[in-house]
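Okay, structure first, notes after.
Reckoned from all heavy atoms, side chains included, excluding hydrogens, waters and symmetry mates.
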Amino acid sequence: ILNGVPSPVPRALTAWMKDIAPHMDGVYLCNEERETSLFEASNTYLYYRLAWNPDLDPEALRADYYQAAYGPAGPILRAMEERLEDLWFTHFYGPRMDMGERFLGGKSTLPTTARIWEDIYHDALVSDLEARMARAVTAARGTAFEERVAIFEEHYLGTLLRFRNAYRQAVSMADDMVMAAARTPV
């Protein structure tokens, strides 16, 4: 997890799991970061389902996950995570270095904190995410999924917003700083 940045990669994960299935003889997944663990929920679900049976249909698994987890808000949250996955692969991960067949992938390329919160997760994108979240909350209202969607809002989008706001506050404090220096005799 990178500075409060969600890393949902369900589409990429399902393709990767299909590729490595013939070489797999067991799996291990470590996901212990409490504050941001919800960022990995869809990844974890798909990872274990495909590890158990790599012949399952990834599209059916994704549809099942979002329906079972979020009910009527599922399609909205799925589209939101797919948008975030696009950002992840556009800005954080790419085929920058061939790591060989064993890894079947590229190397992470991490942008600066300023680039993350000013250029990638810019105001228009954050407004779009908040609007999607509001639609998801409305879709789940009065259903058995209302509480789960509220948890998603607080611990998924909320975590992203807290990290972004902390960055903006730090920049604001730096902008307000006045430095004074006195000359000393040589």
Side-chain angles (χ1 to χ4, degrees), residues 1-17 19-20 29-47 58 62 65-66 69-70 73 75-100 102-137 149-181:
I1 305 302
L2 177 67
N3 297 327
V5 175
S7 56
V9 290
R11 292 174 292 180
L13 179 80
T14 54
W16 178 72
M17 290 295 287
D19 286 345
I20 68 165
L29 178 68
C30 181
N31 183 12
E32 297 180 16
E33 175 61 40
R34 185 164 192 248
E35 183 175 14
T36 55
S37 62
L38 192 56
F39 286 171
E40 299 294 328
S42 60
N43 299 337
T44 303
Y45 173 84
L46 293 166
Y47 180 83
R62 288 193 300 272
Y65 169 77
Y66 290 100
Y70 305 111
I76 300 165
L77 296 180
R78 179 180 179 171
M80 184 176 170
E81 280 204 321
E82 287 175 351
R83 175 70 177 110
L84 293 168
E85 181 178 13
D86 291 340
L87 289 172
W88 183 259
F89 277 94
T90 302
H91 299 286
F92 299 94
Y93 184 87
R96 302 278 196 264
M97 183 176 97
D98 181 6
M99 297 175 70
R102 179 173 173 211
F103 292 99
L104 299 173
K107 179 182 178 185
S108 178
T109 54
L110 303 177
T112 65
T113 302
R115 182 153 155 50
I116 291 169
W117 299 121
E118 293 175 18
D119 300 335
I120 300 169
Y121 293 89
H122 51 77
D123 291 341
L125 174 74
V126 170
S127 293
D128 176 63
L129 295 175
E130 290 173 321
R132 290 175 193 243
M133 193 70 243
R135 286 194 307 276
V137 167
V149 173
I151 289 169
F152 186 97
E153 180 179 32
E154 172 62 24
H155 294 286
Y156 196 104
L157 183 59
T159 297
L160 181 146
L161 295 175
R162 281 189 296 282
F163 274 86
R164 183 174 186 260
N165 291 338
Y167 165 78
R168 293 179 128 199
Q169 183 178 14
V171 168
S172 174
M173 289 171 48
D175 287 345
D176 295 340
M177 240 193 296
V178 176
M179 304 273 300

Atom of Gly4, atom of Trp117 and distance for their closest heavy-atom approach: O-CH2, 3.9 Å
What are the two closest heavy atoms between Pro6 and Pro8, and how far apart are they? C-CD, 3.3 Å
Quick check: do Tyr121 and Leu84 have side-chain heavy atoms less than 4.5 Å from each other? yes
Can you list everything that forms a side chain to side chain contact (heavy atoms under 4.5 Å, CB included) with Ile151? Sequence neighbours excluded, please. Leu38, Glu147, His155
Heavy-atom closest pair, residues Glu85 and Pro10: OE1-CD, 3.5 Å
Euclidean distance, Asp123 CG relative to Glu118 CD, rounded to 0.5 Å: 10.0 Å
Using side-chain heavy atoms (C-beta onward) and a distance below 4.5 Å, is Met17 in contact with Leu46? no
Tell me every residue that passes ring pair (Phe, Tyr, Trp, His ring centres under 6.0 Å) with Tyr70, counting only those two or more places apart in sequence or in another chain. Phe152
If you round to the nearest 0.5 Å, how far is CG of Leu160 from CZ of Arg162? 9.5 Å
Using the side chain to side chain contact (heavy atoms under 4.5 Å, CB included) criterion, which residues pair with Arg135? Sequence neighbours excluded. Ile76, Ala131, Arg132
To check you understand the geometry: which heavy-atom pair defines the closest contact between Arg164 and His122, and what is its length? NH2-C, 3.6 Å
Any non-hydrogen side-chain atom of Arg11 less than 4.5 Å from a side-chain atom of Asp86? yes
To the nearest 0.5 Å, tell me how far Leu129 CG sits from Leu87 CG. 8.0 Å
Working note: Tyr45 + Tyr66, criterion side chain to side chain contact (heavy atoms under 4.5 Å, CB included); need CA distance, chi angles, decisive distance, verdict. CA-CA 10 Å; Tyr45 173 84; Tyr66 290 100; over 6 Å; no
Say you draw a straight line from CD of Glu82 to CZ of Arg62; how long is it, rounded to the nearest 0.5 Å? 7.0 Å
Shortest non-hydrogen contact between Ser7 and Asn43, atoms and distance: O-ND2, 2.9 Å
Would you indicate whether the side-chain heavy atoms of His91 and Asp119 approach each other to under 4.5 Å? no
Thr159 and Glu154: side chain to side chain contact (heavy atoms under 4.5 Å, CB included), yes or no, with the steps? CA-CA 7 Å; Thr159 297; Glu154 172 62 24; over 6 Å; no
Taking atom CG of Leu161 and atom CE of Met133, what is their separation to the nearest 0.5 Å? 10.5 Å
Would you say Val5 and Ile120 make side-chain contact, with heavy atoms under 4.5 Å? no
